[in-house]
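Worksheet: the structure to be examined is printed underneath.
Remember, it's 1-based here, ligands and their atoms both numbered in the order they're listed. The first residue in the sequence is number 1, and the count goes up from there.
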Amino acid sequence: MSWIEADSGAALTLSVNGMRHDLKLDARVTLLDALREHLQLTGTKKGCDHGQCGACTVLVNGRRINSCLSLAVMHQADEITTIEGLGTAENLHPLQAAFVAKDGFQCGYCTSGQICSAIGMLGEWREGWPSHLGDRADAAPAIDAAEIRERMSGNLCRCAAYPRIVEAIEHYATHEGADA
Ligand code: FES
Ligand code: FES
């Protein structure tokens, strides 16, 4: 007999995009796999599965995390937001619209992670979280491209669409993202 029992899943409930889901999962299932493989929320992407690319970024209670590095069972008390919870094809989130307007992607594989990460990042900026750029008090209250590049450095883009990604985030932050 395998040491992994076929029916060894634990009952858990996840709240994702405002909906509660009852699941039975092995305790070792990551939040990323729970979203993609068990809830069919495939907008969240698996790039490296090792915390190195940011493709799997989602928001947990408004904070950005790499969902490949977190176990689903840890998030039963949390509100999880994925790209599917931000906007729809008919009603884009303003940041999604900015990515379209500024051509902030090529293949699009990193894009949902970029967008979720940017929303979390702008929340950190508004709350005064420091970055490795040091004292940028002169940049406040508007975030600038240098801060965006630094604070988004955990989100890789293999198409190297970085200039347009930064432009899209800066446009959103300065024009529409004041209360996002
Ligand atoms: S898939 Fe999670 S950081 Fe790359
Ligand atoms: S748009 Fe292709 S990886 Fe970023």
Side-chain angles (χ1 to χ4, degrees), residues 12 14-17 21 23 25-76 78-89 92-125 129 131-132 143 145-173 177 180:
L12 74 154
L14 293 179
S15 181
V16 185
N17 301 332
H21 301 273
L23 297 165
L25 296 177
D26 188 291
R28 295 162 295 182
V29 171
T30 64
L31 178 59
L32 173 59
D33 285 343
L35 293 170
R36 287 184 53 84
E37 308 300 332
H38 298 274
L39 296 178
Q40 284 72 54
L41 292 169
T42 55
T44 304
K45 302 304 185 191
K46 181 181 286 189
C48 63
D49 210 19
H50 285 83
Q52 296 172 345
C53 73
C56 65
T57 306
V58 299
L59 298 165
V60 172
N61 303 326
R63 301 292 188 210
R64 54 181 174 164
I65 70 162
N66 288 338
S67 60
C68 71
L69 293 184
S70 195
L71 299 175
V73 71
M74 296 165 59
H75 295 289
Q76 296 196 74
D78 295 329
E79 181 56 45
I80 299 155
T81 304
T82 69
I83 192 71
E84 291 92 344
L86 290 178
T88 65
L92 293 177
H93 184 282
L95 182 54
Q96 291 175 310
F99 267 69
V100 173
K102 299 296 181 182
D103 204 15
F105 51 88
Q106 290 183 36
C107 77
Y109 198 80
C110 72
T111 308
S112 48
Q114 301 278 2
I115 289 173
C116 287
S117 185
I119 289 174
M121 178 275 291
L122 290 170
E124 295 161 12
W125 164 262
W129 290 25
S131 79
H132 287 292
I143 194 167
E147 282 285 352
I148 292 171
R149 280 194 295 272
E150 169 58 30
R151 291 169 186 261
M152 292 294 294
S153 59
N155 287 82
L156 306 184
C157 175
R158 291 176 189 175
C159 299
Y162 297 112
R164 300 295 180 87
I165 291 170
V166 171
E167 199 177 325
I169 296 170
E170 189 170 20
H171 176 86
Y172 166 73

Kindly check if the number of other-residue, nucleotide or ligand heavy atoms within 6.0 Å of CZ (Arg158) is above 12? no
Have Ser117 and Arg64 got a donor and an acceptor in their side chains that come within less than 3.5 Å? yes
Taking all atoms of both residues into account, what is the closest heavy-atom pair of Leu122 and Ala173, and its distance? CD2-CB, 3.8 Å
Identify the two heavy atoms, one from Cys157 and one from Gln114, that lie closest to each other, and give their separation to 0.1 Å.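 Shortest heavy-atom contact: CB-NE2, 3.9 Å.
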Only distances under 3.5 Å count here; give the side-chain donor-acceptor pairs of residues 98-108 to other protein atoms, sequence neighbours excluded, each with its distance to 0.1 Å.
from, atom 1, to, atom 2, distance (Å)
Gln106, NE2, Cys159, O, 3.3

Let me know which of Val58, Leu39, Leu59 forms a side-chain contact (heavy atoms from CB on, under 4.5 Å) with Thr82.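 Output: one option passes, namely Val58.
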How about atom 4 (Fe) of ligand 1, which protein N, O or S atoms come within less than 2.8 Å?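 Protein N/O/S atoms under 2.8 Å of atom 4 (Fe) of ligand 1: Cys48 SG, Cys53 SG.
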Does Glu150 offer a backbone N or O that forms a donor-acceptor pair with the side chain of Ser153 under 3.5 Å? yes
Answer yes or no: is there a donor N or O on one side and an acceptor on the other, between the side chain of His171 and the main chain of Ile169, under 3.5 Å? no
Ignoring waters, protein N/O/S atoms under 2.8 Å from atom 2 (Fe) of ligand 2 are Cys107 SG, Cys159 SG
Hits for salt bridge (Lys or Arg N to Asp or Glu O under 4.0 Å) against Lys46, two or more places apart or cross-chain, chain-then-number order -> Asp33, Asp49
